[in-house]
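Data first, discussion second: the structure below is written as structure tokens.
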Amino acid sequence: MTFIPADTIDILEAPEEVLTTLTRDGKRKWMYPTVSPGRFYRWRRIVGWALIVFFVSLPIVPINGHPAVLLDFIHREFALFGVVFYPTDTFLLMVLLIASLVSLVLMTALLGRVWCGWGCPQTVYMEFVFRPIEQWIEGKEHKRKRRDNGPWTFDKAWRKAAKLSIFLLISLGLAHTFVAYFVGWERLLYWMQQPPTTHWGFFVMMGGTTALILWDFGYFREQMCTITCPYARIQSVLLDPDSVIVAYDEGRGEPKARRSKKKMADELAGLIPQMGDCIDCGACVRTCPVGIDIRDGLQMECIACTQCIDACDAIMTKVDKPTGLIRYTSERELAGQKTRLLRGRTVGYTLLLLALGTIFTVALVSRDAYDVNIGRAVGAPFIETPDGRIANRLRFRVRNQTPHAATFRVGIVTPAGTQLNPVGPPDVALAAGEMARTEAWVMVPPEAFSGGETEAIFELRFDNGRTETHTFTLLGPKG
């Protein structure tokens with residue numbers, strides 16, 4: 001065991017905090033951000049509540065007989081805004097996923113972390129649902145901090161209990177909404193009316209999801225953005241000097257100094273050096289939900305929520321200075337140059353996104369209305385019948401990829417003299433989106449085979465007048 005002399009401990013301490021939400025020894029530093037109700041905050045609140053309505057409505061509002069968004073992994077159906085994707089649409093889903101990632105990359109290259117500050121559910125629900133409720137029950141930030149650091153009293157206990165009770169109810173509602181994305185509201189409502197033992201797996205999943213949401217918004221909070229979310233880690237790769245970010249204008253703000261009437265008079269009289277516009281009030285730090293000082297430059301923890309802009313603009317107005325000391329800008333603009341919208345990476349991302357969109361559209365439009373798969377049934381590849389014909393037992397799997405019910409019958413075109421005997425009813429019904437299987441014996445004259453195989457053309461006739469032909473290799477004797 002190695003002992004460290006006491007006089008060297010200070011030397012070994014980190015010169016600065018690794019994260020603003022952690023102390024030097026790794027303990028949690030709780031955030032008590034003040035709300036700065038400026039123009040950006042008002043717009044974010046409007047956008048935030050519109051997104052909350054949007055998020056909640058997606059699994060409820062029907063489009064073409066399906067929820068707007070349904071990710072049904074159990075039945076392997078994925079409905080996205082009226083279009084239903086099946087396991088056979090793996091290519092389409094892959095292109096859609098890549099296009100979504102490219103869209104995020106392009107948005108970040110252009111507008112920085114605007115998604116984090118304006119659209120991410122973590123930020124939206126935290127800042128416009130959970131924090132307002134917390135402020136309503138526990139009071140202003142300084143009161144909450146003093147109460148949290150103090151001993152447990154009846155006042156502290158009932159406020160915490162009331163807050164957590166409301167948080168629990170909201171978490172329960174959000175958990176049901178989240179699960180509805182994967183099972184649909186109709187099935188979810190049905191399960192809710194049944195005893196817990198009937199669908200115990202659902203109740204366990206719902207309880208776990210509720211607990212995770214409560215833990216996230218009640219305890220973990222900004223740690224989700226600064227520690228867990230990988231987006232903050234990769235933003236340095238996605239940003240460039242022309243990306244629009246929330247930044248402090250150091251050239252205008254420095255040297256920062258606190259103001260007094262005497263200092264301002266001496267400054268105007270030229271008795272002291274000219275001071276920057278930043279009065280070092282700390283309002284931008286107090287309002288930041290992740291506790292950073294935006295004046296230190298662009299930082300990984302910044303979620304571009306614009307609270308520092310609103311806070312600084314309010315202070316600048318009070319001291320008769322122009323607003324915009326902290327603003328949406330770019331590193332290039334702060335250096336006195338013009339921000340370039342069109343540049344190599346943005347043009348490349350845009351062209352790639354257009355190409356992916358074109359591929360997706362063409363593949364979706366040309367997708368077959370009925371996905372047909374022909375395979376061999378379990379057993380011997382072929383048998384010889386008493387009358388000398390060669391029989392292959394085949395399996396036909398057909399998925400209806402249209403929003404309308406249909407009925408089909410399997411027939412055979414070639415080889416000549418071939419007979420098809422269905423195993424079961426000849427007409428097979430298909431509901432919208434349903435997959436059905438049927439089998440048939442294919443009786444082929446022996447002279448049709450060459451080298452032990454022959455090509456057969458099958459014809460599927462649907463009751464809506466559509467006909468599809470598919471080729472399949474039949475097996476037989478080689479001699």
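We use all heavy atoms of the structure for the numbers below, so side chains are in, but hydrogens, waters and symmetry mates are not.
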* Structure fact -> For F408, the ring pair (Phe, Tyr, Trp, His ring centres under 6.0 Å) test, sequence neighbours excluded, returns F462
* Quick one: list whatever passes salt bridge (Lys or Arg N to Asp or Glu O under 4.0 Å) with D72, sequence neighbours left out. => R187
* Of all the heavy-atom pairs spanning A283 and I315, show the shortest one and how long it is. => CB-CG1, 4.1 Å
* Please check if any side-chain donor atom of E333 sits under 3.5 Å from a side-chain acceptor atom of Y328, or the reverse. => no
* Pair K256 + D277: basic N to acidic O under 4.0 Å -> no
* To do: Determine whether the side chains of T21 and E301 contain a donor N or O and an acceptor N or O closer than 3.5 Å.
  => no
* Looking at R159 and D155, does any basic side-chain N land under 4.0 Å from a carboxylate oxygen? -> yes
* Asked: Checking R258 side chain against I279 main chain: does a donor-acceptor pair fall under 3.5 Å?
  -> no
* Structure fact -> Sorted by chain and residue number, the ring pair (Phe, Tyr, Trp, His ring centres under 6.0 Å) partners of W30 (sequence neighbours excluded) come out as Y219
* To do: Inspect the contact between K143 and D148 and indicate whether a charged nitrogen and a carboxylate oxygen are less than 4.0 angstrom apart.
  => no
* **salt bridge (Lys or Arg N to Asp or Glu O under 4.0 Å) involving R146 - partner list, sequence neighbours excluded** => none
* Is atom CH2 of W152 surrounded by more than 12 heavy atoms (other residues, nucleotides or ligands) closer than 6.0 Å? -> yes
* To do: Determine whether the side chains of T402 and N400 contain a donor N or O and an acceptor N or O closer than 3.5 Å.
  => yes
* With sequence neighbours excluded, what pairs up with D313 under the salt bridge (Lys or Arg N to Asp or Glu O under 4.0 Å) test? -> R39
* **Minimum-distance pair of heavy atoms, taken over all atoms of I303 and C225** => CG2-CB, 4.1 Å
* To do: Decide if atom NZ of K156 counts as having more than 12 heavy atoms of other residues, nucleotides or ligands within a radius under 6.0 Å.
  => yes
* Considering all heavy atoms, the nearest A363-F91 contact -> CB-CE2, 4.2 Å
* Asked: Does atom CZ of R252 have more than 12 heavy-atom neighbours, drawn from other residues, nucleotides or ligands, at distances under 6.0 Å?
  -> yes
* To do: Name the orientation class of the two ring planes belonging to F81 and F54 (parallel below 30°, tilted from 30 to 60°, perpendicular beyond 60°).
  => parallel
* Of all pairs that satisfy side chain to side chain donor-acceptor pair (under 3.5 Å), the ones with a partner from residues 95-117, not counting sequence neighbours -> T108-Y231
* T88 versus Q401, side-chain donor and acceptor atoms under 3.5 Å -> yes
* Side-chain donor-acceptor pair present, T210, S171, cut-off under 3.5 Å -> no
* Looking at residues at least two apart in the chain, or sitting in another chain, which of them share a ring pair (Phe, Tyr, Trp, His ring centres under 6.0 Å) with H66? -> none
* Structure fact -> T361 meets the side-chain contact (heavy atoms from CB on, under 4.5 Å) criterion, sequence neighbours left out, with V365
* Asked: Do side-chain atoms of S330 reach the backbone of T339 as a donor and acceptor pair under 3.5 angstrom?
  -> no
* Could you list the residues that satisfy side-chain contact (heavy atoms from CB on, under 4.5 Å) with P195, not counting sequence neighbours? => T197, T198
* To do: Using a strict 4.0 Å threshold on nitrogen-to-oxygen distance, state whether R221 and E127 make a salt bridge.
  => no
* Structure fact -> For F73, the side-chain contact (heavy atoms from CB on, under 4.5 Å) test, sequence neighbours excluded, returns L71, F78, F182
* Check for a donor-acceptor pair, side chain of D89 on one end and backbone N or O of L92 on the other, with a separation under 3.5 Å. => no
* **Exam field: side chain T346 to backbone L341, donor-acceptor pair closer than 3.5 Å** => yes
* Asked: Donor-acceptor pair, E222 side chain versus I227 backbone, under 3.5 Å?
  -> no
* **Distance, nearest 0.5 Å, that separates CG of L325 from CD1 of I294** => 11.0 Å
* Structure fact -> Smallest heavy-atom separation, R332 atom then R340 atom, equals NH2-NH2, 3.2 Å
* Is it true that atom CD of E186 has more than 12 heavy atoms of other residues, nucleotides or ligands lying nearer than 6.0 Å? -> no
* To do: Measure the spacing between CD of E77 and OH of Y86 and express it to the nearest 0.5 Å.
  => 5.0 Å
* **More than 12 heavy atoms of other groups within 6.0 Å of R28 CZ** => yes
* **Rounded distance [0.5 Å steps], OG1 in T438 versus CZ in F396** => 8.0 Å
* Asked: Does E138 pair with K163 as a salt bridge, N-O distance under 4.0 Å?
  -> yes
* Asked: Backbone N or O of C116 within a donor-acceptor pair of the T123 side chain at under 3.5 Å?
  -> yes
* So do the side chains of P289 and R131 get within less than 4.5 Å of each other, counting heavy atoms only? -> yes
* Asked: Between the side chains of D216 and Q122, does any donor sit under 3.5 Å from an acceptor?
  -> yes
* Considering residues at least two apart in sequence or located in another chain, which fulfil the ring pair (Phe, Tyr, Trp, His ring centres under 6.0 Å) criterion with Y125? -> none
* Asked: Do the ring centers of Y41 and F128 come within less than 6.0 Å of each other?
  -> yes
* **Residue among F217, W136, F220 satisfying ring-ring contact (aromatic ring centres under 6.0 Å, His included) with F130** => F217
* To do: Could you list the residues that satisfy salt bridge (Lys or Arg N to Asp or Glu O under 4.0 Å) with R399, not counting sequence neighbours?
  => none
* Structure fact -> Shortest non-hydrogen pair, D310 vs F40, comes out as OD1-N, 3.2 Å
